[in-house]
Amino acid sequence: MEVVDKIITLEKESLKVFVDSIYLKESKLKLDGSMMSNGLDAGVVGQQNGSTNVQGGGQEESKTNLIVNYLPQTMTQEEIRSLFSSIGDVESCKLIRDKVTGQSLGYGFVNYHRPEDAEKAINTLNGLRLQNKTIKVSYARPSSEAIKGANLYVSGLPKNMTQQDLESLFSPYGRIITSRILCDNITVRQFVTGAGENLPGLSKGVGFIRFDQRMEAERAIQELNGTIPKGSTEPITVKFANNPSNNNKAIPPLAAYLAPQATRRFAGPIHHPTGRFRYSPLAGDLLANSMLPGNAMNGSGWCIFVYNLAPETEENVLWQLFGPFGAVQSVKVIRDLQTNKCKGFGFVTMTNYDEAVVAIQSLNGYTLGNRVLQVSFKTNKSKTT
DNA sequence: CGACGGGACGC
DNA sequence: CGACGGGACGC
């Protein structure tokens with residue numbers, strides 16, 4: 001029990017800092033009048049005219065088509081659609097799955113009807129924390145053979161080399177899509193840094209660079225492999241990174257094929273409200289109201305009522321608030337039909353009962369802006385019945 | 001102070 | 001020596 005309380009308290013702490021950082025981000029966007037990618041992504045081309053971006057290779061880049069990376073393993077295509085539909089009308093949405101196991105490959109594509117919605121999605125959803133992931137949202141490049149296999153593995157880096165240093169070293173050879181230096185301690189909770197306790201972790205001297213074009217990567221290998229960076233004494237190794245699909249991932253021992261996601265997709269949430277929750281002191285009161293038919297559990301998840309939202313609240317706020325706690329299926333801000341302002345409440349549907357309970361425990365009483373939220377399972381109350 | 005949606009099953 | 005938190009081009 002104490003442990004649970006502590007976890008929840010911790011979640012609240014990190015959530016506060018996290019939400020603060022969101023507000024910082026948003027106000028920053030307002031100040032410079034949008035158009036900025038929010039700093040997590042270095043590689044987005046910013047062409048403003050016409051319906052396409054033009055990039056270095058002379059290829060046209062869609063202004064409506066996005067690639068979404070680092071999605072939580074359990075997130076379905078429909079949940080992704082739900083998330084991105086909160087920005088604007090989605091033309092198509094595709095989650096990429098392994099063709100034999102059906103497992104999510106952790107990335108997908110979202111194509112909007114309108115370029116401005118795609119831009120807004122990047123500005124508001126890139127960097128969003130969902131479960132244990134921080135998603136990346138950026139423009140998709142035109143699909144082609146030339147951009148495949150452009151990921152490099154670099155070792156022998158001086159320990160004091162930063163990610164920026166690494167990019168400076170490689171940027172002469174092409175457009176860098178992502179870069180990374182591996183560190184020892186796993187403190188990549190980037191939104192918890194407000195408390196100041198986040199030591200960077202010691203570099204392992206190993207990193208990755210993904211270029212836009214394979215040719216760029218090849219050239220970087222030719223030019224940089226075996227060279228000694230300025231200020232270092234050791235030559236670096238630059239080679240193509242292993243393909244994650246041929247990975248030696250500890251032999252997927254048969255369980256992986258039947259484990260969480262695969263079964264959950266077909267079994268639905270029915271198996272969640274097992275007896276162990278019924279007798280939990282923590283969940284008892286919450287459950288009492290929510291087990292009535294037509295209430296919180298609607299067959300495809302647990303509906304949560306969120307009260308005391310500001311009039312300007314948009315869907316992304318609910319995603320930001322609830323996303324870290326687990327699988328969120330959908331969110332809805334209830335608005336006045338005339339003014340289009342939030343009527344002070346909204347709904348969030350989460351897939352898993354225990355995650356919903358933790359979200360409620362953590363967010364009920366949470367101060368958002370200058371308002372204290374009230375969060376609970378949805379009840380049957382209704383004006384018109 | 002205030003407080004629980006809405007589009008809608010598909011033949 | 002080393003392979004990421006994390007599978008970036010439609011599986």
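A, B, ... follow the sequence lines: proteins, then strands. Residue 1 opens every chain. All values derive from a computational prediction rather than experimental measurement.
- Under 4.0 angstrom from either OP1 or OP2 of C:dC9 there lies no side-chain N or O belonging to A:K94.
- Atom CG of A:D336 and atom P of B:dA3 are 14 Å apart (whole Å).
- When heavy atoms are screened at a 4.0 angstrom cut-off, A:N308 is found touching no nucleic acid atom at all.
- Within 4.0 Å of A:N65, counting heavy atoms only, lies at least one base atom of the nucleic acid.
- Here the P atom of nucleotide C:dG6 and the NZ atom of A:K136 are 16 Å apart, to the nearest Å.
- Among the heavy atoms of the strands, none lies under 4.0 Å from A:G205.
- Looking at heavy atoms from C-beta onward, A:S62 lies out of side-chain contact with A:P142 at the 4.5 angstrom threshold.
- Nearest to the side chain of A:S143, among C:dG10, C:dA3, C:dA8, sits C:dG10.
- Of the charged side-chain nitrogens involved, none lies within less than 4.0 Å of a carboxylate oxygen, so that A:E116 and A:K120 do not count as a salt-bridged pair.
- Taking atom C1' on both C:dG5 and C:dC1, the two are 22 Å apart, rounded to the nearest angstrom.
- We find that A:E119 and A:R114 are not joined by a salt bridge, their nearest charged nitrogen and carboxylate oxygen being 4.0 Å or further apart.
- Of the candidates B:dG2, B:dC4, C:dC11, B:dC4 carries the atom nearest the A:F345 side chain, counting heavy atoms from C-beta on.
- Distance from the side chain of A:T379 is smallest for B:dC4 among the nucleotides C:dG10, C:dG2, B:dC4.
- Nearest to the side chain of A:I67, among C:dC9, C:dG6, B:dG5, sits C:dC9.
- In this structure, the aromatic ring of A:F208 is positioned over the six-membered ring of the base of C:dC4, centres within 5.5 Å and planes within 30°.
- When each of A:A140 and A:Y70 is assigned the nucleotide of DNA chain C bearing its nearest heavy atom, the one mapping closer to the 5' terminus is A:Y70.
- In terms of position along DNA chain B, the nucleotide closest to A:Q374 lies nearer the 5' end than the nucleotide closest to the other residue of the pair A:Q374 and A:R335.
- Atom CZ of A:F305 and atom P of B:dG2 are 12 Å apart (whole Å).
- Atom-to-atom, CG of A:D184 to P of C:dA3 comes out at 11 Å; the value is rounded to the nearest Å.
- Ring pair A:Y307/A:F305 is parallel by interplanar angle, where below 30° counts as parallel and above 60° as perpendicular.
- A close approach under 4.0 Å does not occur between any side-chain nitrogen or oxygen of A:N242 and OP1 or OP2 of C:dA3.
- Note: A:F377 and A:Y353 have parallel aromatic rings, judged against thresholds of 30 and 60 degrees for the angle between ring planes.
- The side chain of A:K148 places an N or O atom within less than 4.0 Å of a non-bridging phosphate oxygen (OP1 or OP2) of C:dG10.
- Taking the six-membered ring for Trp, A:F208 and A:Y153 have ring centres closer than 6.0 Å.
- Distance from the side chain of A:E234 is smallest to C:dG2 among C:dG10, C:dC4, C:dG2.
- Judged by ring centres under 5.5 Å apart and planes tilted less than 30 degrees, A:Y107 fails to stack against the six-membered base ring of C:dG7.
- Of the candidate nucleotides B:dG5, C:dA8, C:dC9, C:dA8 has the atom nearest to the side chain of A:I177.
- Minimum atom distance to the side chain of A:F347 is reached by B:dG5, of the listed B:dG5, C:dG10, B:dG2.
- Out of C:dG6, B:dC4, C:dC4, the shortest distance to the side chain of A:K378 is found at B:dC4.
- Relative to the side chain of A:K99, the nucleotides C:dA3, C:dG2, C:dC11 differ in distance, and C:dC11 lies closest.
- The CG-P distance, from A:L128 to C:dG6, rounds to 17 Å in whole Å.
- Distance CZ (A:R180) to C1' (C:dG2): 15 Å, rounded to an integer number of Å.
- A:R210 places its CZ atom 12 Å from the C1' atom of C:dA3, with the value rounded to the nearest Å.
- Ranking C:dC9, C:dG6, B:dC4 by closeness to the A:R141 side chain, first place goes to C:dC9.
- Residue-to-nucleotide proximity on DNA chain C shows that, of A:G149 and A:K239, the 5′-proximal contact is made by A:K239.
- With rounding to whole Å, A:N69 atom CG is found 9 Å from C:dC9 atom P.
- Between A:K148 and A:E145 a salt bridge is recorded (basic side-chain N to carboxylate O distance below 4.0 Å).
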